[in-house]
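Since we're looking at a predicted model, the values are computed, not measured. The basis for the numbers below is simple: all heavy atoms, side chains too, and nothing from hydrogens, waters or symmetry mates.
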There are 2 protein chains.
Amino acid sequence: MTPEAPDGPLKCNKVAILGVGLIGGSLGLALRGSGFAGEVAGWDIDEAVSNAGLQRGALDAVSGNPEDAVQDADLIILAVPISATIPLLMTVVPFLTDDAVVTDVGGTKARIVREAEAIIGGRFVGGHPMAGSEVSGISAASADLFEGAAWIITLTEETRRNNFNVVEEIVRTIKAIPRTCTPEEHDALVASLSHLPHLLAYGLTQTVSDSVPAEWGDLAAGSFRDGTRVAKSNPKAWAEILLDNRDSVLKALDQNITWTAKARAALESGDLSSLTQLLEQAHLARKRFPG
Amino acid sequence: MTPEAPDGPLKCNKVAILGVGLIGGSLGLALRGSGFAGEVAGWDIDEAVSNAGLQRGALDAVSGNPEDAVQDADLIILAVPISATIPLLMTVVPFLTDDAVVTDVGGTKARIVREAEAIIGGRFVGGHPMAGSEVSGISAASADLFEGAAWIITLTEETRRNNFNVVEEIVRTIKAIPRTCTPEEHDALVASLSHLPHLLAYGLTQTVSDSVPAEWGDLAAGSFRDGTRVAKSNPKAWAEILLDNRDSVLKALDQNITWTAKARAALESGDLSSLTQLLEQAHLARKRFPG
């Protein structure tokens, strides 16, 4: 991060949220419920969604296009699918004020931050709220989705402190917990903590679906239900995320495949001691994590 | 099942629960809370656990050894780890009344039912409640653990209808839903619906634990938490279950490994279309299942 003396109190008179889905909508609801004094403007590619955001109270105003929404905004939050983030940034860049800060909420960071910095340099500060839901859309949005949740803000050599501070203040305003790391560190972390669990959930679902006759499907107990919950997430969005974070996901996946091969070998050879040891070690490791 | 005319109303004046852990304890609480008119006797290898069962109201009486507990019992429920089930049955067989029925609650059925039938023939009727928890022990027991949950009762050529009816009535009494299949069908079903999810949960936990630095562990969001919840289950008990159901688990695991290999190939080659298709298909399959 570029060292830079703070230049007085932050002023953020207008936030523009581009994309009013689960994340964008919840962000608007949280901001407007927080006592944030500025304006929360919004735009969604689907006009009905923009209007729903307005009606649900997530936005003060909606625009018919993103260029209008960003006019005079101090902070622009790109809350669209990761494949649409950079194209949307390119669309609005000519309409940004000189000191506008841009952030996003995408589940991958290295590529997005690199491409965004190539366009607007340190005025882009990448973000990723570590909260979400397998359901999507403005109808699922809630004002407390981010409360107490980590919100990663990425730092690079280009990041300017004043711009970082604007994003951090908004994150604190909605009661999320700001955490910082590089885009590359972020991608390695989420490959393990989020992307691998999603991939395994889809695979478990398919395996069980292929092997359990329809009339027994209702027997699926807690272990299946919990282990496959996130397979209810949008598959198109997840294929994009996994590919966007391909190298880190492959690395995490290969570690997992190695473990599975060891467990399979112990199982096939009837080696109770090795299998017990593998499960025991994982069981103890689980205690390191919350929940 | 041997065809056999019902011989009048069932009489079950005494149930003996051997093993007063999560399942045995919950069963006692459920029975005693159900208006069941008979006696609920119990024994646990740990005297303190027997006494806790008595104090929590899961049992009317406790015995110092299993031989005493089964005296005059009409139904004996073996609620011990699967490796202890057959040894315990052999211990109590000489002390059973002539028409006593024996059932169990083990998570695997083919071996247990085969071995139990070799000892007491059709007087053994295998059972498996499809409910549980990653926590164990009498302290976690609850009267409503089985309410609305499926309870598989196994049928073989040796199963006698009267004996089956005794088990079925007890299952209905505690508001579980009896379902029937052969021990082999049961083992194939649970290999997919329960054993594979457990194995994957342990593997996911280990992978993430190995790759995420300690200071970032708290970032584990919903997908990790849910996907690894059952890794909190007793690893020794699960190693036994997986090995006891080795062939079916290997089959389910190999199907899963095949899916994962396909997803890995799509990921590595950057094939968005194939990856999307794999996730999409699994996503649709998830809708077949409850929860």
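The most heavy-atom pairs under 4.5 Å with chain A, out of B/A239, B/S211, B/A266, B/G270, come from B/A239. Ranked by heavy-atom pairs under 4.5 Å with chain A, the list B/I177, B/L272, B/V190 is led by B/L272. Between chain B and the options A/L204, A/L267, A/V208, A/V212, the largest number of non-hydrogen pairs under 4.5 Å is found for A/L267. Ranked by heavy-atom pairs shorter than 4.5 Å toward chain B, the options A/K251, A/R246, A/M130 are led by A/R246. No other option in B/H198, B/R179, B/Q255, B/Q281 has as many heavy-atom pairs under 4.5 Å with chain A as B/R179. Here A/P197 is the residue among A/G222, A/G227, A/P197 with the most heavy-atom pairs under 4.5 Å with chain B. Considering only heavy-atom pairs separated by less than 4.5 Å from chain B, the leading option among A/T258, A/T260, A/T205, A/L284 is A/T205. Note: A/L243 leads A/V249, A/T276, A/L243, A/D254 in heavy-atom pairs under 4.5 Å with chain B. Counting heavy-atom pairs under 4.5 Å between each of A/Q206, A/H195, A/E268 and chain B puts A/Q206 at the top.
The line from CG of B/L278 to CG of A/L242 is 11.0 Å long, rounded to the nearest 0.5 Å. Atom CZ of residue A/R288 and atom CG of residue B/D218 lie 10.5 Å apart, to the nearest 0.5 angstrom. Distance CH2/B/W216 to CD/A/E185: 7.0 Å, rounded to 0.5 Å.
For A/E280, the CD atom is densely surrounded, since the number of other residues' heavy atoms within 6.0 Å is greater than 12. The environment of CD in A/Q277 is sparse: at most 12 heavy-atom neighbours from other residues, nucleotides or ligands sit within 6.0 Å.
Residues B/R286 and A/T228 have side chains that bring a donor and an acceptor to within less than 3.5 angstrom of each other.
Interface residue A/A214: backbone and side-chain heavy atoms are both found under 4.5 Å from chain B. Within the 4.5 angstrom heavy-atom criterion, only side-chain atoms of B/I152, from C-beta onward, approach chain A. Heavy atoms of A/S83 lying under 4.5 Å from chain B are absent altogether. Heavy atoms of B/L199 lying under 4.5 Å from chain A belong to its backbone as well as its side chain. Only the side chain of B/A263 comes within less than 4.5 Å of a heavy atom of chain A; its backbone N, CA, C and O stay farther away. At a 4.5 Å heavy-atom cutoff, the contact between B/D271 and chain A is made by backbone atoms alone. Both the backbone and the side chain of B/R225 come within contact range of chain A, judged by heavy atoms closer than 4.5 Å. For chain B, the nearby part of A/A150 is the side chain; its heavy atoms alone come within less than 4.5 Å. The parts of A/E240 that come within reach of chain B are both its backbone and its side chain, each placing non-hydrogen atoms under 4.5 angstrom from that chain. For chain B, the nearby part of A/I257 is the side chain; its heavy atoms alone come within less than 4.5 Å. For chain A, the nearby part of B/S269 is the backbone; its heavy atoms alone come within less than 4.5 Å.
A donor-acceptor pair is defined here as one N or O able to donate and one able to accept, closer than 3.5 Å; no such pair exists between the side chain of A/H283 and the backbone of B/Y202. Looking only at distances, no side-chain donor or acceptor of A/R264 sits under 3.5 Å from a matching main-chain atom of B/L253.
The nearest pair of heavy atoms linking A/G217 to B/P290 is O-CD, 3.5 Å. Taking all atoms of both residues into account, the shortest heavy-atom contact from A/S223 to B/L193 is OG-O, 3.6 Å.
No side-chain heavy atom of A/V230 sits under 4.5 Å from any side-chain heavy atom of B/D226. Looking at A/S192 and B/F224, their side chains never come closer than 4.5 Å, going by heavy atoms from C-beta outward. At a threshold of 4.5 Å between non-hydrogen side-chain atoms, the residues B/L189 and A/P213 count as touching.
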